[in-house]
Amino acid sequence: MSDESNESKKTESDHSHSDSISLRARGNLFDIASQQFNKAADAVGLDPDVRAILEQPKNELIINFPVRLDDGRYKIFKGYRVQHNNLLGPFKGGLRYHHEANLDEMKALATWMTYKSALHDIPFGGSKGGIKFNPRDYSENELQRITRRFTHALGNNIGPEWDIPAPDVGTNAQIMVWMMDTYMNVISYQEKNSVRRIVTGKSIASGGSHGRAEATGKGLVFCIEQWARDNNFDLDGAHIAIQGYGNVGSYTARLLAKQGAVIIGVGDVGGYITNSEGLNPHKLSEHCAKTGTVAGYKNAQSISRMDFFGLECHIFVPAALELEIAAQEAKRLRCKLVAEGANGPTHPVGERILLERGIEFIPDILANSGGVVVSYFEWLQNKRAERWEYEEVVRRLEKRMVSTYQTVRKYAHDNNLDMRTACYGLALERLQAAYHERGIFP
Ligand code: NAD
């Protein structure tokens, strides 16, 4: 059976949600990342040579690899790893399992990782990878074989001082542990324990960091708190709508609810629900763990995707996939703030409408950067053979998120830039300074 015909059969379940939008129908993600880059490069007057280097990723790898399924058949999977830049440190970026994964998406996501690390002054570059398939259609054993075979196929294209994967959409701590174990098993016995940091986002038992699982949600909430402080806004009683109830969305919901915020609507690939009195995010997580979706949760009303975007709330958190806020959604949103948990959730046209309508936003490369910050802490702990207490991790995360948020705010104000362009601008200035000092070899 061909790759494509098998894929279409396997992915039917993911399209069951009637008005979900195909990412590809909304434009090429790398073109959109390039538009954002060019806007910021113009704003900071980026050196044309530096611009030419950063415009494209350094390396783009596509691997087609076979895996035996439970029924004995073999299937060819398509995997990607794109390495955008490693000027400031090893390539660093997540691994995504999704049926629409494609090279241009990986290029955009890898590019954003470079700027996310540079923005925080973390000694990492940017990369991203993935496999084009829907993990929900495969057994645990098949997932393990797919992950191990891909890790093996990547070979020396990843490494603890070269390129370090982490979880993203469709992957989790278990997937990272299988990657680590596979990598450890193909190098010499003597080196095994020195390469534990080949991936981050591992489970605690296998060398992960306390606080990594919730790091992205926590980082997002630290940013929202700063915005609330700057705007004299009380989070207690604030109404929140969240699209995506996976790692980022569900932790964000639980953390905001802890501060008294009311989660009035959530949605995921299975559908959208609302309750104006507030959804209990803990019970909703339990429901999701059992059924794989927020749809069907009792004590809530089912609504359409477009009605969800029209819910009146204070803060809207896109925490699902890219380009979910295009023109029609941006016109419908009735909120004060969009806090981008997902990577690239806002189409440039949608962003223009949000800005015209006076809706503020905290851009992805800042808002969801808590994950890479704690990944860096995990990598450091592994490198030093240390284990930091949970409180220590959270304290360091908060310090870094608050200081970066305030630096961006001031830079945006001083240079009359929107928040996204300010994030890019700061990151580009750091990269440019390093290029100017080091020069281009030879
Ligand atoms: P996840 O796989 O844990 O959850 C994804 C969620 O999005 C699920 O609830 C899923 O049902 C929903 N979803 C998928 N397709 C959808 C569609 N068409 N319509 C509505 N909902 C849909 O993934 P995650 O790790 O929470 O990542 C979510 C976003 O955050 C992604 O953009 C990812 O790149 C970004 N991000 C994640 C991390 C991290 O640490 N996990 C860090 C930074 C950024």
Side-chain angles (χ1 to χ4, degrees), residues 30 33-59 82-94 106-128 161-166 168 200 215-216 219 222-223 340 343-344 362-377 379-380 396-397 399-412 414-415 417-440:
F30 186 59
S34 300
Q35 279 179 43
Q36 296 172 347
F37 167 76
N38 283 322
K39 185 175 171 190
D42 289 344
V44 299
L46 197 69
D47 174 338
D49 292 335
V50 174
R51 191 172 180 139
I53 294 169
L54 292 172
E55 250 167 9
Q56 290 292 329
K58 238 180 172 170
N59 306 311
V82 172
Q83 297 166 332
H84 177 258
N85 189 274
N86 63 345
L87 180 73
L88 303 178
F91 298 109
K92 181 85 186 86
M106 296 299 148
K107 284 165 69 176
L109 293 164
T111 303
W112 286 326
M113 284 306 297
T114 297
Y115 302 124
K116 218 179 274 189
S117 301
L119 176 62
H120 274 293
D121 217 0
I122 289 173
F124 281 151
S127 56
K128 202 80 180 191
E161 296 288 339
W162 175 244
D163 186 1
I164 306 136
D168 190 72
T200 58
T216 307
F222 286 138
C223 288
E340 295 184 339
N343 282 307
I362 309 177
D364 50 5
I365 62 172
L366 170 61
N368 70 28
S369 59
V372 73
V373 170
V374 178
S375 274
Y376 169 54
F377 296 162
W379 184 83
L380 264 187
R396 287 181 186 243
L397 172 65
K399 192 169 167 215
R400 207 173 265 264
M401 294 304 301
V402 170
S403 123
T404 302
Y405 185 96
Q406 292 303 341
T407 305
V408 172
R409 202 90 193 102
K410 182 167 181 330
Y411 186 89
D414 293 351
N415 297 285
L417 298 173
D418 63 74
M419 285 287 273
R420 191 183 317 282
T421 310
C423 287
Y424 267 91
L426 271 164
L428 289 175
E429 283 188 357
R430 284 185 183 141
L431 286 154
Q432 173 161 268
Y435 271 120
H436 280 168
E437 283 178 16
R438 288 173 59 169
I440 304 297

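This structure is a prediction, so every number in the text was calculated from the model and none was measured.
- Under a 3.5 Å cut-off, the side chain of Asp364 and the backbone N or O of Glu340 do not form any donor-acceptor pair.
- Tyr115 and Ala427 get closest at one heavy-atom pair: O-CB, 3.6 Å.
- Contact of the Val372 side chain with the Ser117 side chain is registered, since non-hydrogen atoms from C-beta on lie closer than 4.5 Å.
- At least one donor-acceptor pair closer than 3.5 Å links the side chain of Ser369 to the backbone N or O of Leu366.
- Once rounded to the nearest 0.5 Å, the distance linking CD of Glu55 with CZ of Arg51 reads 6.5 Å.
- For the residue pair Val82 and Pro57, the shortest heavy atom distance occurs at CG1-CB, 3.6 Å.
- In this structure, the side chains of Gln36 and Trp112 come closer than 4.5 Å at one or more pairs of heavy atoms.
- Donor-acceptor pairing under 3.5 Å is lacking for the side chains of Lys58 and Asn85.
- Side-chain contact annotation: His84 with Ser127, donor-acceptor N/O pair under 3.5 Å absent.
- With values rounded to the nearest 0.5 angstrom, Leu426 atom CG is found 9.0 Å from Ile365 atom CD1.
- Pairs passing the salt bridge (charged side-chain N to carboxylate O under 4.0 Å, His left out) check and including a residue from residues 83-93, sequence neighbours excluded, do not occur.
- Atom NZ of Lys107 sits about 4.5 Å away from atom CZ of Phe30, to the nearest 0.5 Å.
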With side-chain hydrogen bond (donor to acceptor under 3.5 Å, both in side chains) as the criterion, how do Tyr411 and Gln406 come out once you've worked through the C-alpha distance, each side chain's angles and the decisive distance to 0.1 Å? CA-CA 8 Å; Tyr411 186 89; Gln406 292 303 341; over 6 Å; no

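- A salt bridge does not link Asp121 with Arg400: none of the charged nitrogens is closer than 4.0 Å to a carboxylate oxygen.
- Side chain of Asp418 to backbone of Thr421: a donor-acceptor contact under 3.5 angstrom is found.
- Under the 3.5 Å distance criterion, with hydrogens and angles disregarded, no donor-acceptor pair is assigned to the side chains of Lys410 and Asn415.
- By the side chain to side chain contact (heavy atoms under 4.5 Å, CB included) test, Asn59 pairs with Gln83, Phe91, Trp162, sequence neighbours left out.
- Nearest heavy-atom pair, Tyr405 versus Cys223, reported as atom, atom and distance to 0.1 Å: CE1-O, 3.7 Å.
- Across all their heavy atoms, Phe377 and Leu397 have their closest contact at CE1-N, 3.7 Å.
- Using a distance-only test at 3.5 Å, with no hydrogens or angles considered, a donor-acceptor pair links the side chain of Arg430 to the main chain of Leu119.
- Heavy-atom minimum distance, Asp47 versus Gln432: N-OE1, 2.8 Å.
- In this structure, Tyr424 has its ring center at least 6.0 angstrom away from the ring center of Phe37.
- Between the Arg420 side chain and the Ile362 main chain, no donor and acceptor come within less than 3.5 Å of each other.
- The minimum heavy-atom distance between Gly219 and Met401, with the atom names listed, is O-CE, 3.6 Å.
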